[in-house]
**Student:** 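Please see the structure below; I have some questions.
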Amino acid sequence: MVFEHITDLDLKETLDCGQCFRWREQKDGSFTGVVRGKVASARVEGDRLILDGANEDDRAMWRDYFDLDLDYSAIKRELSAIHPVLSDAAAYAPGIRILRQEPFEALISFIISQNNNIKRITGIVQRLCESFGEQISDGRYAFPTAERLAALTPDDLSPIRAGFRHRYIIDAAQKVADGTIDLEAIRQLPYNEAREALTQITGVGIKVADCVLLYGLHRLDGFPMDVWMKRAMAALFPDTEISAFGEYAGIAQQYIFHYARMHPELFL
DNA sequence: ACCCAGGAAATTC
DNA sequence: GAATTTCATGGG
């Protein structure tokens, strides 16, 4: 499958910037991942995005996932006019996009992320999929369903080695499976109400809720504040309120987060 | 041995 | 209510 006339997309920047945990770079530079139970290997050649192994019937799904209908050039112009340092951060990784991930996958992934590091999060998510996700093909697994995880006990999750987060994962899965939490309904709520609903899940506080909203429900006004972002905001934007970043604050957040992670020496 | 990691719950003050 | 401690696991 090929998408033509693609701009503002760099796969390494987008798939390896901490917003998702399911893509792996191959020796040839392509990225292989599973989205909504479908496997694909992605690469960019010039202004073409090529997805090997993707079914033509899923074209709309992949277009949606990579957010190809949003004009990131225009958004970057808008954000760059707000603050010169934000302009620099956007220029540092101009091919970042905010993926439209599956909401439940984002919810579980960012529950796992708490008090953890990205390398270890990636390993836990992989073991979760291999242990409890449906096998799609040789060595490829879908993200587990809420129903499957809801039926487990914390001990059942011991092979993924997520420690104290096991009971959080199960509580989230149970609330999604039984309808207590309706992620698609939350997508439509005003921001603070959506946050309020998500934090009813044990193990979901404001930061994880903000990640679910931004990465899983594509609420681009979300602005997750983790330890990296707190340091980056203090060092780079000491006099800037988040509200100054406007309706695309979440995209600004991703530029800043990635810039900070690539320049840890700025905060020593 | 100690500290930290894309935090949040439990406990204590 | 605000501040502190605890929670698994793994790497530096």
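Every value quoted in this text rests on a predicted model; they were computed, and no experiment measured them. Every chain is numbered from 1, with letters handed out A, B, ... down the list of sequences.
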**Student:** Find the distance A:R127:CZ to C:dT9:P and express it as a whole number of Å.
**Tutor:**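 Answer to the nearest Å: 11 Å.
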**Student:** Quick one: pull up CZ in A:R231 and CD1 in A:I256 and give me the separation to the nearest 0.5 Å.
**Tutor:**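 Between atom CZ of A:R231 and atom CD1 of A:I256 there are 14.5 Å.
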**Student:** For the pair made of OH in A:Y255 and P in B:dG6, what is the distance, rounded to whole Å?
**Tutor:**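 The answer, rounded to whole Å, is 22 Å.
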**Student:** Report the residue (A:V204 or A:F21) whose heavy-atom-nearest nucleotide on DNA chain B is the more 5′ of the two.
**Tutor:**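 Checking each residue's closest nucleotide, the 5'-ward one belongs to A:F21.
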**Student:** Rounded to whole angstrom units, what separation is found between the CZ atom of A:F164 and the P atom of C:dT5?
**Tutor:**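 It works out to 17 Å between those atoms.
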**Student:** Using the 3.5 Å cut-off, write out each protein N or O paired with an N or O of nucleotides 11-13 of chain B and the distance between them.
**Tutor:**
none

**Student:** Rounded to the Å, how far apart are A:Q253 CD and B:dG6 C1'?
**Tutor:**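 Atom CD in A:Q253 sits about 9 Å away from atom C1' in B:dG6.
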**Student:** Check the geometry between A:W228 and B:dG6 and answer yes if their rings are stacked (centres below 5.5 Å, planes below 30°), otherwise no.
**Tutor:**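 No, aromatic ring not over the base.
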**Student:** Write down the distance separating the P atoms in C:dG11 and B:dA8, rounded off to the nearest Å.
**Tutor:**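 It works out to 24 Å between them.
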**Student:** Given B:dA10, B:dG6, C:dA8, which nucleotide is nearest the side-chain atoms of A:R167?
**Tutor:**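 Closest nucleotide among those given: B:dA10.
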**Student:** Considering only side-chain heavy atoms of A:V208, which listed nucleotide, B:dA8, C:dG10, B:dA5, is closest?
**Tutor:**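 Output: B:dA8.
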**Student:** Tell me: CG of A:N115 to C1' of C:dG11, nearest whole Å?
**Tutor:**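 After rounding, the reported distance stands at 14 Å.
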**Student:** Using whole Å, report how far CG of A:L107 lies from C1' of B:dG7.
**Tutor:**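 Rounded to whole Å, this separation is 14 Å.
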**Student:** In terms of side-chain geometry, is the basic nitrogen of A:K175 or A:D171 positioned less than 4.0 Å from the acidic oxygen of its partner?
**Tutor:**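 A salt bridge is present here (some side-chain N lies under 4.0 Å from a carboxylate O).
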**Student:** What contact category does A:Y168 fall into here, base, sugar-phosphate, or nothing, at under 4.0 angstrom with non-hydrogen atoms?
**Tutor:**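 Here A:Y168 touches the backbone only, sparing every base.
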**Student:** Expressed in angstrom and rounded to an integer, what is the separation of A:I201 atom CD1 from B:dA8 atom P?
**Tutor:**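 Rounded to the whole Å, the gap is 12 Å.
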**Student:** Distance check, P atoms only: C:dT5 and B:dG6, in whole angstrom units.
**Tutor:**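 Approximately 23 Å lies between the P atom of C:dT5 and that of B:dG6.
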**Student:** Using a heavy-atom cut-off of under 4.0 Å over every strand shown, decide if A:R165 touches base, sugar-phosphate, or nothing.
**Tutor:**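 The answer is base, as A:R165 lies within the cut-off (heavy atoms under 4.0 Å) of a base atom.
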**Student:** Start at the 5' end of DNA chain B and walk down; is the nucleotide closest to A:T202 or to A:Q254 reached first?
**Tutor:**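 Between the two, 5'-proximity favours A:Q254.
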**Student:** Might you point out which heavy atoms bring A:W23 and A:A42 nearest each other, and give the distance in Å?
**Tutor:**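 Closest approach of A:W23 to A:A42, heavy atoms only: CZ3-CB, 4.3 Å.
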**Student:** With a 4.0 Å cut-off on N to O distance, would you call A:D58 and A:K38 a salt bridge?
**Tutor:**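 A:K38 and A:D58: salt-bridged.
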**Student:** Report the distance from atom CD1 of A:I124 to atom P of C:dG11, rounded to the nearest whole Å.
**Tutor:**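 From A:I124 CD1 to C:dG11 P: 11 Å.
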**Student:** What is the nucleic acid contact for A:R161, judged by heavy atoms within less than 4.0 Å: base, sugar-phosphate only, or nothing?
**Tutor:**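 A:R161: backbone/sugar contact only, no base atoms under 4.0 Å.
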**Student:** For A:G18, report the nucleic acid contact type (base, sugar-phosphate, nothing); a contact means any heavy atom under 4.0 Å.
**Tutor:**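 Counting heavy atoms under 4.0 Å across all strands, the contact made by A:G18 includes a base.
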**Student:** Could you work out the separation of C:dA8 and B:dT11 based on their P atoms and round it to a whole Å?
**Tutor:**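 About 13 Å, rounded to a whole number of Å.
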**Student:** I'd like to know whether A:E56 forms a salt bridge (Lys or Arg N to Asp or Glu O under 4.0 Å) with A:R59, so could you lay out the CA-CA distance, the side-chain angles of the two residues, the decisive distance to 0.1 Å, and finally the verdict.
**Tutor:** CA-CA 5 Å; A:E56 208 53 49; A:R59 169 170 287 272; 2.7 Å; yes
**Student:** Are A:R97 and A:Y65 in a cation-pi contact, defined as NZ or CZ under 6.0 Å from the six-membered ring centre and within 45° of the axis?
**Tutor:**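 Geometry flag: not set, cation outside 6.0 Å or 45°.
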**Student:** Taking it one step at a time, do A:K12 and A:D10 satisfy salt bridge (Lys or Arg N to Asp or Glu O under 4.0 Å)?
**Tutor:** CA-CA 6 Å; A:K12 191 173 182 63; A:D10 182 282; over 6 Å; no
**Student:** With respect to A:S41, which candidate in A:D52, A:T32, A:D28 satisfies the side-chain hydrogen bond (donor to acceptor under 3.5 Å, both in side chains) definition?
**Tutor:**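 It is A:T32, the one option of A:D52, A:T32, A:D28 that forms the side-chain hydrogen bond (donor to acceptor under 3.5 Å, both in side chains) with A:S41.
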**Student:** How is A:I206 classified with respect to the nucleic acid when contacts are heavy atoms under 4.0 Å: base, sugar-phosphate, or nothing?
**Tutor:**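 Here A:I206 touches the backbone only, sparing every base.
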